Amino acid sequence: MGSIYTESGRGMLPILKPPKLDLEELARVQRRVAEQVIEEDRLEKLETIAGCDISFAEGDRACAACVLLDYESLEVIKQKVVAVKLKFPYIPTFLAFRELEGMLRAIEGIDADVYMVGAHGRAHPRRAGLACHLGVTLDKPTLGVAKGRLCGTAEEPPRRRGAYTLLKDGGETIGAVLRVLPGSRPIYVSVGHKLSLGKAIEIALGTARDHRLPEPLRVAHQLATREMRSKRFKSCAQSW
DNA sequence: GCGACAG
DNA sequence: ATCTTGTCGC
């Protein structure tokens with residue numbers, strides 16, 4: 001791994017390069033990624049799940065974390081956190097070009113049955129959110145779980161755990177707005193790759209316990225944030 | 001023209 | 001995203 005081009009189904013995808021700030025070109029890349037997404041369950045098994053997240057420090061320094069959990073017990077099996085340098089600015093709808101590279105580095109060496117990403121999947125204007133980029137790149141099942149909406153519209157789901165409404169855009173269903181805790185705002189769940197929306201919802205809800213965010217993401221975020229505030233991270237002038 | 005806008 | 005503990009409200 002670590003390569004700019006990634007093997008995936010039909011060949012090499014120019015998912016990464018030190019992306020140039022040519023949004024027209026990057027939007028084309030996203031459409032190509034969107035075409036390759038499979039919205040069907042292609043899980044071999046569901047014994048483990050990985051949570052992937054990135055925490056930001058000042059400027060372009062950040063920490064990417066990947067935590068592998070047992071799907072049933074949610075016990076942490078393995079975890080990895082790395083300091084990364086971001087090479088692309090945050091531009092709504094182009095998040096993948098900012099975070100995918102670092103996320104891949106945190107995932108290196110961690111093989112899970114499904115990967116949960118702290119961002120959207122298909123619930124994206126071009127149906128190619130970060131979770132889709134990751135899924136197509138790894139050729140593994142992924143789902144996106146976000147705290148806020150990027151596009152589309154939906155009714156507010158009832159205040160009951162497990163209640164959800166469909167997120168729609170341009171006549172198509174792109175995700176779901178899922179209530180995990182009765183008293184908290186809902187979360188946005190969408191397919192990343194090789195999963196059906198129903199399965200993605202089942203996984204998000206099934207791995208959520210006493211918090212609004214599912215455990216894989218909560219733990220990954222904790223790990224990344226803790227590392228970012230650690231001496232080790234602050235003292236190393238240049239993080240790679 | 002005026003918002004909206006994952007992290 | 002991040003700076004940040006307790007606290008006001010339902």
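In the text below, chain A, chain B and the rest are named by the order of the sequence lines, each starting its count at 1. Since this is a predicted model, take the numbers as computed values, not measurements. The figures here come from the full heavy-atom set of this structure, side chains too, leaving out hydrogens, waters and symmetry mates.
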Q.
Under 4.0 Å, heavy atoms only, any strand: does A/Gly118 hit a base, just the sugar-phosphate, or nothing?
A. sugar-phosphate

Q. If we require ring centres under 5.5 Å and near-parallel planes under 30°, does A/Tyr188 stack on B/dA6?
A. no

Q: Measure the acute angle between the ring planes of A/His133 and A/Phe97, then classify it against the limits of 30° and 60° as parallel, tilted or perpendicular.
A: perpendicular

**Q.** Selected nucleotide, minimal atom distance to A/Ser55 side chain, candidates B/dG7, B/dC5, C/dT2
**A.** C/dT2

Q) Just how far, in rounded Å, is P of B/dA6 from CG of A/Asp53? A) 15 Å

Q.
Please classify the nucleic acid contact of A/Thr93 as base, sugar-phosphate, or nothing, using heavy-atom distances under 4.0 Å.
A. base

(Q) What's A/Ala146 touching, base or sugar-phosphate or nothing? Going by heavy atoms closer than 4.0 Å. (A) sugar-phosphate

**Q.** Nucleotide C/dT2, atom P - distance to OH of A/Tyr90 in whole Å
**A.** 13 Å

Q) Base, sugar-phosphate alone, or nothing: which one does A/Arg229 contact when heavy atoms must sit under 4.0 Å apart? A) sugar-phosphate

Q | Among C/dT2, B/dA6, C/dA1, the nucleotide that comes nearest once only the side chain of A/Lys147 is considered | A | C/dA1

Q. Tell me: CD1 of A/Ile91 to P of B/dA6, nearest whole Å?
A. 13 Å

Q | Atom-to-atom span, CD of A/Gln30 to C1' of B/dA6 - whole angstrom | A | 12 Å

Q. Can you check whether A/His133 has a side-chain N or O nearer than 4.0 Å to OP1 or OP2 of B/dA6?
A. no

Q. Could you state the CZ-C1' distance from A/Phe97 to B/dG7, rounded to the nearest angstrom?
A. 15 Å

Q. Please give, in whole Å, the distance from C/dT2 P to A/Leu86 CG?
A. 12 Å

Q. Should the pair A/Lys140-A/Asp111 be classified as a salt bridge under the 4.0 Å nitrogen-to-oxygen rule?
A. yes

(Q) Whether A/Lys45 and A/Asp113 form a salt bridge (side-chain N of Lys/Arg under 4.0 Å from carboxylate O of Asp/Glu) is what I want to check. (A) yes

Q. A/Arg149 has an atom CZ; how far is it from atom P of B/dA6, in whole Å?
A. 9 Å

Q. NA contact type, A/Gly129, heavy-atom cut-off 4.0 Å: base, sugar-phosphate, or nothing?
A. base

Q. Using 4.0 Å as the upper bound for N to carboxylate O, is an ion pair formed by A/Glu101 and A/Arg98?
A. no

Q) Ignoring hydrogens and geometry, is there a side-chain-to-backbone donor-acceptor pair from A/Lys147 to A/Arg212 under 3.5 Å? A) no

(Q) What is the separation between atom CG on A/Leu130 and atom P on B/dG7, rounded to the nearest whole Å? (A) 10 Å

Q. With a 4.0 Å cut-off on heavy atoms, is A/Phe56 in touch with a base, just the backbone sugar-phosphate, or nothing at all?
A. sugar-phosphate

